[in-house]
K.L.:
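My questions all concern the structure below.
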Amino acid sequence: MLMLRFASSPTGDMYINDLRIALLNYIVSKQKNEDLIVRIDDMDKENNIEGKDQETLDILGLFGIEYTQVIYQSQNIRFYSAIALQLLHEKKAFSCFCSDEWLQKKRKEAQEANKPYQYDDACRNLPPELVIDNTAPFTVRIVRPDKLGFSSDTVDSFVIMTQDKTPTPNFACAVDDMLNDISMIIRNEKYLNNTSKQIHVRNQLRYDKEIEYAHLSSIENEVSVKQLLEEGYLPEAISNYLISIGTNPPKEIFTLDEAIQWFNLENISKSPAHFNMDMLQDINKKHLKNLDATELSRYVGFADAEIGELARLYIEEVATTKELKEKIAPIFAQRNISDEFTEQTVFMAQTIKNAPYFEEYDEFKNYIMKETELKENDFSKLFRILLTNAEQGPDIAEVYKYLKNYMKEIIK
RNA sequence: GGCCCCGUCGUCUAGCGGUUAGGAUCCAUGGUUUUCAUCCAUGUUACAGGAGUUCAAUUCUCCUCGGGGUCACCA
């Protein structure tokens, strides 16, 4: 069974670049009708953060990204060791005793000479007796490609097993992609240079199945997914925005399922994009409008379709669920009316309390205006303050429609 | 510095030899609205620069400039 994979290291929050990669992998997996697996690159024990793996999986779930299994690299160590050993046996890898200081010096020299650094193969042909007698810590390096072979310019004899005998990320990744029968890899452009190294590893293992690669340029000024979620952006809006970047969608607002219908990885722009909050806000607002009333009400802390309809009126003024919540909350909160209006509002509140129930706003308005002897403009202004606890807002007649049943409880 | 990717409004993009260079978003103005907002209308803003090929270049080629990535026992 061929499949696609999304790799994530549990060393920090998930950023929108990662999410975009996950989304596109998911879309392509659906289009190709292949499975998507999630791989947790947790070999770097120093930097792993407890719980980040689960956080990543939760986010994928929240965004509707389905996967068939989760693989932890830390549970595959025996494969990496066995394969490294095999390469050693076949003389396709060698032990390297070069000290860290010495390598760093070499690297620095290369940098100062404005040359790309490559390992000089100092340990490649050590006599066996020197190897066996050497008690110094060593790494395992794979033998570089032949001079005539492909990418011999860019691929040196790089480390595949570190001194503490854990695989390097490049090596582990190459092995995993082979073992999992990965057909296509969609990843960030920053891994582009690793590709030839990973292919080299597989070549040395006589794995000649070709894996298709697609590298995406990064989004600049990126933010964490968690942060966007906390600010009140809808998952469907975030994915809508991320899928739009670098492409020309047939319509502005769409769902993940719709994107699967038309998305074409080949049309995606290769130039780096800038994260644009304005655009996300606009998309979020439009998705907010598509929510049904009960869902909407949940986002503002209720579970009531009528409150949902009320909230819908306020979407015009906000971009996120957080802002929406901030608009709705005062309506049900303690009134705090400025002195300038106190006297009039107290009287109006009194009048409303004693008024009969009116289905229609106009009838209600006429009744109260008559009782209080207020002009229309003054009435509207005062009633708005009284009912919504704000001086500005949506059409008060519309607000009345959804609040008339709660009105006498709200206005105390 | 070597290598790789890229260059159209501020941003995301359409364009694939002849266009008044289009759309979206943002911004500005006007209209609707008892208010803010919405909505509608209108408007400002772009082919990085220079050579070449061609009757004709945003489009093809080269150079320059600019942006991004990479050059670890990191991910």
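So you know, we letter chains A, B, ... as the sequences are listed, proteins then strands, and number each from 1. Keep in mind that what you see is a predicted model, and the values were worked out from it rather than measured.
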K.L.:
If you pin A/Pro169 and A/Asn114 to their nearest nucleotides in RNA chain B, which one's is more 5'?
P.N.:
A/Asn114
K.L.:
Whether the A/Asp58 and A/Gln54 side chains hold a donor-acceptor pair (N or O, under 3.5 Å, no angle test) is what I'd like checked.
P.N.:
yes
K.L.:
So what does A/Arg384 hit on the nucleic acid, given a heavy-atom distance under 4.0 Å: a base, only sugar-phosphate, or nothing?
P.N.:
base
K.L.:
Thinking salt bridges, do A/Arg384 and A/Glu391 make one under a 4.0 Å N-O criterion?
P.N.:
no
K.L.:
What nucleotide among B/G68, B/C74, B/C4 has an atom nearest to a side-chain atom of A/Leu192?
P.N.:
B/C4
K.L.:
Grab the two heavy atoms, one from A/Ile160 and one from A/Phe171, that are nearest each other, plus how far apart they are.
P.N.:
O-CD2, 3.4 Å
K.L.:
Under 4.0 Å, counting only non-hydrogen atoms across every strand here, what does A/Ile396 touch: a base, just sugar-phosphate, or nothing?
P.N.:
base
K.L.:
Base, sugar-phosphate alone, or nothing: which one does A/Ser217 contact when heavy atoms must sit under 4.0 Å apart?
P.N.:
nothing
K.L.:
Report yes if a side-chain nitrogen or oxygen of A/Arg107 is closer than 4.0 Å to either non-bridging phosphate oxygen (OP1 or OP2) of B/C73; otherwise report no.
P.N.:
yes
K.L.:
Find which nucleotide of RNA chain B each of A/Lys289 and A/Ala113 is nearest to by heavy atoms, and output the residue with the more 5' nucleotide.
P.N.:
A/Ala113
K.L.:
Name the nucleic acid region contacted by A/Thr166, choosing base, sugar-phosphate or nothing; use a 4.0 angstrom heavy-atom cut-off, strictly under.
P.N.:
nothing
K.L.:
Within the 4.0 Å heavy-atom criterion, would you say A/Asp164 contacts the bases, only the backbone, or no part of the nucleic acid?
P.N.:
nothing
K.L.:
Just call it for A/Thr162: base, sugar-phosphate, or nothing, with non-hydrogen atoms closer than 4.0 Å on any strand.
P.N.:
base
K.L.:
Students often get this wrong, so: under 4.0 angstrom with heavy atoms, is A/Glu252 touching a base, only sugar-phosphate, or nothing?
P.N.:
sugar-phosphate
K.L.:
Looking at every strand, decide which applies to A/Asp378 at a 4.0 Å heavy-atom threshold: base, sugar-phosphate, or nothing.
P.N.:
nothing
K.L.:
Under 4.0 angstrom, heavy atoms only, what part of the nucleic acid is A/Asp395 near: base, sugar-phosphate, or nothing?
P.N.:
base
K.L.:
Using a heavy-atom cut-off of 4.0 Å across all strands, would you classify A/Glu220 as base, sugar-phosphate, or nothing?
P.N.:
sugar-phosphate
K.L.:
So what does A/Tyr191 touch, heavy atoms closer than 4.0 Å: a base, only the sugar-phosphate, or nothing?
P.N.:
base
K.L.:
Looking across every strand, which nucleic acid part, if any, lies under 4.0 Å from A/Lys270 by heavy atom: base, sugar-phosphate, or nothing?
P.N.:
sugar-phosphate
K.L.:
Considering every strand and a 4.0 Å limit on heavy-atom distances, what is the contact class for A/Lys327: base, sugar-phosphate, or nothing?
P.N.:
nothing
K.L.:
Between A/Phe138 and A/Phe94, does the ring centre distance come in under 6.0 Å?
P.N.:
no
K.L.:
Below 4.0 angstrom, N of the basic side chain to O of the carboxylate: do A/Glu309 and A/Lys401 qualify?
P.N.:
no
K.L.:
What nucleic acid atoms does A/Arg312 come within less than 4.0 Å of, heavy atoms only: base, sugar-phosphate, or nothing?
P.N.:
nothing
